Amino acid sequence: MGIYLNPGNEGFKAIRKGIYVDKTGLIDYINGTIGDASCRMTCFSRPRRFGKSYAAKMLCAYYDKSCDSHELFEDLEIAGKPSYEEHLNQYDVIYLDITYSIICAKSKGKNILQDMQESVIEELRAAYPGCVKEGEKYFANALVGVSGKTGGKFIVIIDEWDALFREAKDDAALQREYVELLRGLFKGGPATDLTIAAAYMTGILPIKKYGTQSAMTDFIEFTMANPDELAQYVGFTQDEVKRLCEDNQMDFEEMRVWYDGYSTANMQHIYNPNSVMKALQRKSVRNYWTMSETFEDLKKYIGMNFDGLKDAIIAMLGGQRQRVDADYFQNDLTSLTSRDNVLTLLIHLGYLAYDSKRGEAYIPNAEVSDAFKLAVRDIGWDAIGAALADSDLLLENTIGGDCEAVSRALDAIHESSTSVLQYNNEISLSCAITIAYYTARRFYEIIRELPTGKGFADLAFVPRKNVDKPALVVELKYNKDADSAIKQIHEKRYEGALKGCAGNMLLVGINYDKETKKHSCVIEKA
């Protein structure tokens, strides 16, 4: 058992001792790729704290021939698959944790790529005497030497493959050297056919592009934008979270509000797994996202001065979705040249969810909304930051029936805002009101109707489970009066989601006067 060659199953054994969600179906997918030149190389990128390293350790434990992992897998999904026994503990595994390798190289004062290759070659030479040439510097050649003499093939697992791009984001020469090393290992042809049974890479970023071409074209990629058939392994599914909540006496509805919201073409409800696990362990559903070092990245990226970026962020804070062209992102942190580049990066970092069918990005849940709220405050977007900070008081005044206070708060938002919050259409007004009531997302599900030609979009605030607050029906008017907004509410029948709120509902009519740039408000108990 080594660090790089056959690391054993201790990592996965430690994972199984805690709360565990069975994701071994991923193994069956990888088993199906073994030996197939068209698909034996998989790159599955996900944000930090979405289970990347857990998956890598699981794969090491399953394939590593230096250990016996039957007890770890016999009660899991993979044990029922036809491929289970065929591949269990049958391969030499090369495991590269790039973050660990960077740390090791720094501690020795060495070049990371040179040090990593030397370490792998040293372990190969010790395990297979006489198979690696003296003076060999390239571990791809070392693998060829071992396979050529033993007939065995390797499973190569690379965790945090893109860590070097993040740690040395300004060192283009080192990045290219690294890509060439990987390309040499996985370039295809007789050498790769001889040595590689399958490869699995995971990281935050998709594979680096140069121009419009991927640097390693033989990899099948699965990303946050397009996870395809691996969608259920991006995070936790809704059924998995329901079971976890039942087993640990936690409120599923709270988990849904805080950690759900990611979706794919194949799956509508994907949860942040790290936050779910922390909530279960601490018996507390709250924001764990801003404990991540990527929070500093969020502030940096949304503050970039690209046309349309600020408008897009504000619109998403207001509950809207934004069209994103994700195709031209170069998959690094230095080639950001447009609004779409930044939004695509935020999708890969997990700060935005992505609807691949519509090509739209959006803020997924309460936890990430909190992160945006704090980031906006810290980067100097004073008007929006103030509106978000004051949203607690606005909700309190609305429930308390203080019409004058509500009107003053909405006036302040409009007077100090720019761009998307200029009330030039129905959607802008609805967006502004949603931002003004930002805090309400924690307590309410906000249902928005699109304009129908008879007035601006209505907003319905439906209390979440176990929330002791009244439902709110908000009708927006433009150049009329707040009383007519209330009258229109009375003329409509609010059923469906609001049907169970009878007796505990407030009707809120808001009018905006274009000439005076003032709001008026009427609040009435239903």
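Computed from a predicted model, the values in this text were never measured in an experiment.
- Closest of all the heavy-atom pairs between E160 and R166 is OE1-NH2, 2.6 Å.
- G261 and A353 make their closest contact through O-CB, 3.6 Å (heavy atoms, listed as atom of the first residue, atom of the second, distance).
- Among all heavy-atom pairs drawn from K373 and T439, the shortest one is NZ-OG1, 4.1 Å.
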#### Entry: R442 and D370: CA distance, side-chain angles, deciding distance, salt bridge (Lys or Arg N to Asp or Glu O under 4.0 Å) verdict
CA-CA 10 Å; R442 293 188 182 180; D370 264 11; 2.8 Å; yes

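- Using a cutoff of 4.0 Å between basic side-chain nitrogens and carboxylate oxygens, R256 and E253 are scored as salt-bridged.
- Atom SG in C245 sits 6.5 Å away from atom CE in M250 (nearest 0.5 Å).
- A donor and an acceptor atom, one from each side chain of N466 and D251, are located under 3.5 Å apart.
- For the residue pair T24/D22, the side-chain donor-acceptor check at 3.5 Å is satisfied.
- Looking only at atom types and distance, the side chain of Y54 has no donor-acceptor partner in the side chain of T202 under 3.5 Å away.
- Both the sub-6.0 Å distance and the 45° axial angle are not jointly satisfied by R339 relative to the ring of F306.
- At a cut-off of 3.5 Å, with distance as the only test, no side-chain donor of Q268 or S263 sits close to an acceptor on the other residue.
- Taking the ring centre of F12 as origin, the terminal cationic atom of K57 falls outside the region bounded by 6.0 Å and 45° from the ring axis.
- Between V257 and N365, the shortest heavy-atom distance links the atoms O-CB, 3.5 Å.
- If you look at F329 and H348, their ring centroids are closer than 6.0 Å.
- Side-chain contact, Q488 with K477: a donor N or O sits under 3.5 Å from an acceptor N or O.
- Atom NZ of K169 and atom CG of L164 lie 12.0 Å apart (nearest 0.5 Å).
- Using modelled atom types, one side-chain atom of E240 and one backbone atom of T237 make a donor-acceptor pair closer than 3.5 Å.
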### Query
K52 and D159: salt bridge (Lys or Arg N to Asp or Glu O under 4.0 Å), yes or no, with the steps?
CA-CA 7 Å; K52 298 185 302 297; D159 192 15; over 6 Å; no

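- Contact detail for A105 and I112: the closest heavy-atom pair is CB-CA, 3.5 Å.
- Ion pair D411/K517 not flagged as a salt bridge, since none of the NZ, NE, NH1 or NH2 atoms sits closer than 4.0 Å to an Asp/Glu carboxylate oxygen.
- Atom NZ of K283 has more than 12 neighbouring heavy atoms from other residues, nucleotides or ligands inside a 6.0 Å radius.
- S520 and Y512 share no donor-acceptor pair across their side chains, judged by distance under 3.5 Å alone.
- The shortest heavy-atom contact between R282 and R286 is NH1-NH2, 3.1 Å.
- Ring centers of Y262 and Y271: at least 6.0 Å apart, outside the cut-off.
- Between F222 and the options Y200, Y233, Y29, a ring pair (Phe, Tyr, Trp, His ring centres under 6.0 Å) holds for only Y29.
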### Query
Going through the distances and angles, do S107 and I103 end up as a side-chain contact (heavy atoms from CB on, under 4.5 Å)?
CA-CA 6 Å; S107 69; I103 294 170; 5.6 Å; no

